[in-house]
Amino acid sequence: METRTEISSLGEFGLIKRINEGIKISLPDTIRGIGDDAAVIDTGEEYGLLTSDMLLEGVHFDLAFFPLKHLGYKAIAINVSDIAAMNGTPRQVTVNLALSNRFSVEAIDELYDGMKAACKDFNVDLVGGDTSSSRSGLLISVSVFGKVNKEKVTYRNTAKPNDLICVTGDLGGAYLGLQLLEREKQVFLVNPEMQPELDGKDYVVQRQLRPEARMDVVYELAEAGVVPTAMIDVSDGLASDLMHICAQSGVGAVIFEERLPIDEQTYLAASELNIGPVTAAMNGGEDYELLFTVSQASYELIKNNPKISFIGYTTANKEEIVLHTKGDSRVPITAQGWS
Ligand code: ADP
Ligand code: MG
């Protein structure tokens, strides 16, 4: 009898691991395949970087509250973020779209206005793609090609024990922004006369609708002469993405709760929604900040950069990935991908 295994029994990471196990790299210029934020390709002087990510209506976004212009921007930004996570520079993007007749030409113009704005901000060229009809909803899949100096490429699996763990910007806002938008949508569905209650919540809402890739920090690290020992972008949540660095590098980690960068608006939204701010920061996801490790010697060179928080350190004990709480206890950090 044929066996049927549910995908849910593997989870996202288990599924990718299984796909990876069945794939062999055969070309000498494929430097890194599945397993990092982007694939790494030897192009001669430099390494090329290649990555793609898709956004699906009903899964990643809800057009009830997601303006198409922002969606276009986000589709580019989250892909550029994966190039940033390799310490690279994005160069060209291609865009695949599947759409139904529910969308007008003007709607697609809006979407592309957002993509063009992102291409301008991140200095990339939109050079192609594919368009198809869709039976239900909108699908946007973007691929980015980037490049990186061979000495500066930064993987997930090269953190060393006793490195400092750093994160850019602040965490948890994008998740809470989404929760607020969902709540307003429910209110609107019950009573269409209601106006959205999003005053003073512009920052967290913007974190959800219009995330930035942290290319600014990639350039600032280069200026400071610092190459991280490992790096990943925070797309699934700090916990999950830290686990990738730790598991792949074979190190443990201690994160200090009191060091987690959380914006004032994130605290306010968390308390209004009755969600723990630290839970949002650790597991919320979609912040698209950079999580990286540096050697202790690098500390002096970047300690004054206000965009960087030093949130903990790596250890040689790979069994122990813990959050050191404000109450001085240590709790294991666990990760979830989507399921
Ligand atoms: P990220 O969040 O940085 O985009 P993912 O968690 O989506 O990374 O993917 C992890 C790794 O798995 C990447 O190297 C990615 O290219 C690879 N990957 C994801 N899905 C597939 C797939 N369906 N087939 C082959 N490789 C995949
Ligand atoms: Mg990534």
Side-chain angles (χ1 to χ4, degrees), residues 74 77-78 81 84-85 163-184 197-214 216-217 220-221 228 231-246 253-294 299 302-314 321-337:
K74 183 169 180 174
I78 65 174
S81 180
D163 282 346
L164 302 175
I165 301 174
C166 310
V167 71
T168 61
D170 58 83
L171 299 170
Y175 174 76
L176 289 167
L178 178 62
Q179 303 311 310
L180 286 172
L181 289 162
E182 299 271 11
R183 186 185 70 178
E184 291 311 307
E197 289 259 0
L198 294 169
D199 281 356
K201 302 183 168 87
D202 47 317
Y203 180 67
V204 285
V205 168
Q206 173 219 314
R207 294 288 287 167
Q208 168 59 217
L209 297 181
R210 204 177 181 285
E212 291 290 344
R214 296 313 302 256
D216 55 335
V217 176
E220 285 166 25
L221 286 172
M231 184 146 63
I232 188 169
D233 66 326
V234 184
S235 52
D236 295 337
L238 180 69
S240 177
D241 292 313
L242 175 68
M243 300 284 277
H244 284 306
I245 286 186
C246 288
V254 179
I255 299 291
F256 295 97
E257 181 184 356
E258 64 177 13
R259 295 286 190 93
L260 292 174
I262 300 175
D263 187 83
E264 199 52 44
Q265 275 201 16
T266 304
Y267 277 115
L268 288 175
S271 110
E272 196 175 314
L273 293 161
N274 226 343
I275 295 171
V278 173
T279 306
M282 293 297 293
N283 297 304
E286 289 205 286
D287 291 311
Y288 296 102
E289 296 295 341
L290 292 172
L291 174 67
F292 58 96
T293 52
V294 294
Y299 178 70
I302 53 173
K303 67 173 187 198
N304 293 325
N305 188 325
K307 297 173 185 171
I308 300 173
S309 297
F310 297 85
I311 59 171
Y313 59 90
T314 54
I321 300 166
V322 293
L323 183 70
H324 187 115
T325 68
K326 288 178 183 161
D328 265 340
S329 60
R330 291 194 167 193
V331 293
I333 293 173
T334 50
Q336 315 116 346

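Computed from a predicted structure; not experimentally measured. Atom set for the values below is all heavy atoms of this structure, side chains included, hydrogens, waters and symmetry mates excluded.
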Chemist: Which distance, rounded to the nearest 0.5 Å, do you find between the CG of Asp216 and the NZ of Lys307?
Modeler: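 Atom-to-atom, Asp216:CG and Lys307:NZ are 4.0 Å apart.
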Chemist: Which heavy-atom pair separates Val331 from Thr325 by the least distance, and what is that distance?
Modeler: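 Scanning both residues completely, I find the closest heavy atoms to be CG2-CG2, 4.1 Å.
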Chemist: Determine, step by step, whether Glu286 and Lys74 satisfy the salt bridge (Lys or Arg N to Asp or Glu O under 4.0 Å) criterion, reporting the C-alpha distance in whole Å, the side-chain angles of both residues, the deciding distance to 0.1 Å, and the verdict.
Modeler: CA-CA 10 Å; Glu286 289 205 286; Lys74 183 169 180 174; 2.9 Å; yes
Chemist: Using 0.5 Å steps for rounding, measure from the CG atom of Leu164 to the NZ atom of Lys303.
Modeler: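 It comes to 12.5 Å.
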Chemist: Taking all atoms of both residues into account, what is the closest heavy-atom pair of Val204 and Gln265, and its distance?
Modeler: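 Here Val204 and Gln265 meet closest at N-OE1, 3.3 Å.
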Chemist: Indicate yes or no for a side-chain donor-acceptor contact from Arg207 to the backbone of Asp170 under 3.5 Å, with no hydrogens or angles considered.
Modeler: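 Yes, Arg207 side chain to Asp170 backbone: donor-acceptor pair under 3.5 Å.
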Chemist: Out of the candidates Leu238, Val254, Ile255, Val322, only one should pair with Ile333 under the side chain to side chain contact (heavy atoms under 4.5 Å, CB included) rule; please name it.
Modeler: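 Of all the options given, the one that passes is Ile255.
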Chemist: Does Glu184 form a salt bridge (Lys or Arg N to Asp or Glu O under 4.0 Å) with Lys201? I'd like the steps, not just the answer.
Modeler: CA-CA 12 Å; Glu184 291 311 307; Lys201 302 183 168 87; over 6 Å; no
Chemist: Quick check for you: to the nearest 0.5 Å, what is the distance between Thr293 atom OG1 and Ile245 atom CD1?
Modeler: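 So the gap between those two atoms works out to 5.5 Å.
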Chemist: Taking the side chain as every heavy atom from C-beta outward, state whether Met282 and Leu242 have any atom pair closer than 4.5 Å.
Modeler: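 The answer is no, as the side chains (C-beta and beyond) never meet within the 4.5 Å cut-off.
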Chemist: What are the two closest non-hydrogen atoms of Cys166 and Ile308, and how far apart are they?
Modeler: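 In this case the closest contact between Cys166 and Ile308 is CB-CG2, 3.8 Å.
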Chemist: Please determine whether side chain to side chain contact (heavy atoms under 4.5 Å, CB included) holds for the pair Thr266 and Tyr175, giving the CA-CA distance in whole Å, both sets of side-chain angles, and the decisive distance to 0.1 Å.
Modeler: CA-CA 9 Å; Thr266 304; Tyr175 174 76; over 6 Å; no
Chemist: Would Leu221 and Asn305 count as a side chain to side chain contact (heavy atoms under 4.5 Å, CB included) here? Give the steps.
Modeler: CA-CA 9 Å; Leu221 286 172; Asn305 188 325; over 6 Å; no
Chemist: For the side chain of Asp236 and the backbone of Asp241, is there at least one donor-acceptor N/O pair under 3.5 Å apart?
Modeler: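 Not at all, since once roles are kept as given, no pair shorter than 3.5 Å links the two residues.
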Chemist: Going from CE on Met243 to OG1 on Thr334, what distance comes out if it is rounded to the nearest 0.5 angstrom?
Modeler: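 Those atoms lie 7.0 Å apart.
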Chemist: Among residues at least two apart in sequence or on other chains, which ones pass salt bridge (Lys or Arg N to Asp or Glu O under 4.0 Å) with Glu182?
Modeler: none
Chemist: For the residue pair Phe310 and Tyr299, categorise the inter-ring angle as parallel (less than 30°), tilted (30 to 60°) or perpendicular (more than 60°).
Modeler: perpendicular
Chemist: Is the backbone of Ser235 close enough, under 3.5 Å, to the side chain of Asp233 for a donor and an acceptor to pair up by distance?
Modeler: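 Absent.
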Chemist: Supply the atom-to-atom distance Ser329 OG to Glu257 CD, rounded to the nearest 0.5 angstrom.
Modeler: 8.5 Å
Chemist: Answer yes or no: is there a donor N or O on one side and an acceptor on the other, between the side chain of Ser309 and the main chain of Ile311, under 3.5 Å?
Modeler: no
Chemist: How far does CG of Leu180 sit from CG of Leu273, to the nearest 0.5 angstrom?
Modeler: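 Answer for the CG-CG pair, Leu180 versus Leu273, is 4.5 Å.
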Chemist: Mind listing the closest non-hydrogen atom pair of Pro211 and Ala77 along with its distance?
Modeler: O-CB, 3.4 Å
Chemist: Closest heavy-atom contact between Gly169 and Pro261?
Modeler: O-CB, 3.3 Å
Chemist: Please check if the number of heavy atoms outside Tyr288 that lie under 6.0 Å from its OH is greater than 12.
Modeler: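 Enclosed: over 12 neighbouring heavy atoms sit under 6.0 Å from OH of Tyr288.
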Chemist: With no hydrogens and no angle check, is any side-chain donor or acceptor of Asn283 less than 3.5 Å from a backbone partner on Ala239?
Modeler: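 No; judged by distance alone, with no hydrogens or angles, the pair does not exist.
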Chemist: Please check this pair: side chain of Glu289 against backbone of Val167, looking for a donor-acceptor N/O pair closer than 3.5 Å.
Modeler: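 No; judged by distance alone, with no hydrogens or angles, the pair does not exist.
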Chemist: Can you name the ring pair (Phe, Tyr, Trp, His ring centres under 6.0 Å) partners of Tyr267, sequence neighbours left out?
Modeler: none
Chemist: Take Glu272 and Leu176, measure what side chain to side chain contact (heavy atoms under 4.5 Å, CB included) needs, and give me the verdict at the end.
Modeler: CA-CA 10 Å; Glu272 196 175 314; Leu176 289 167; over 6 Å; no
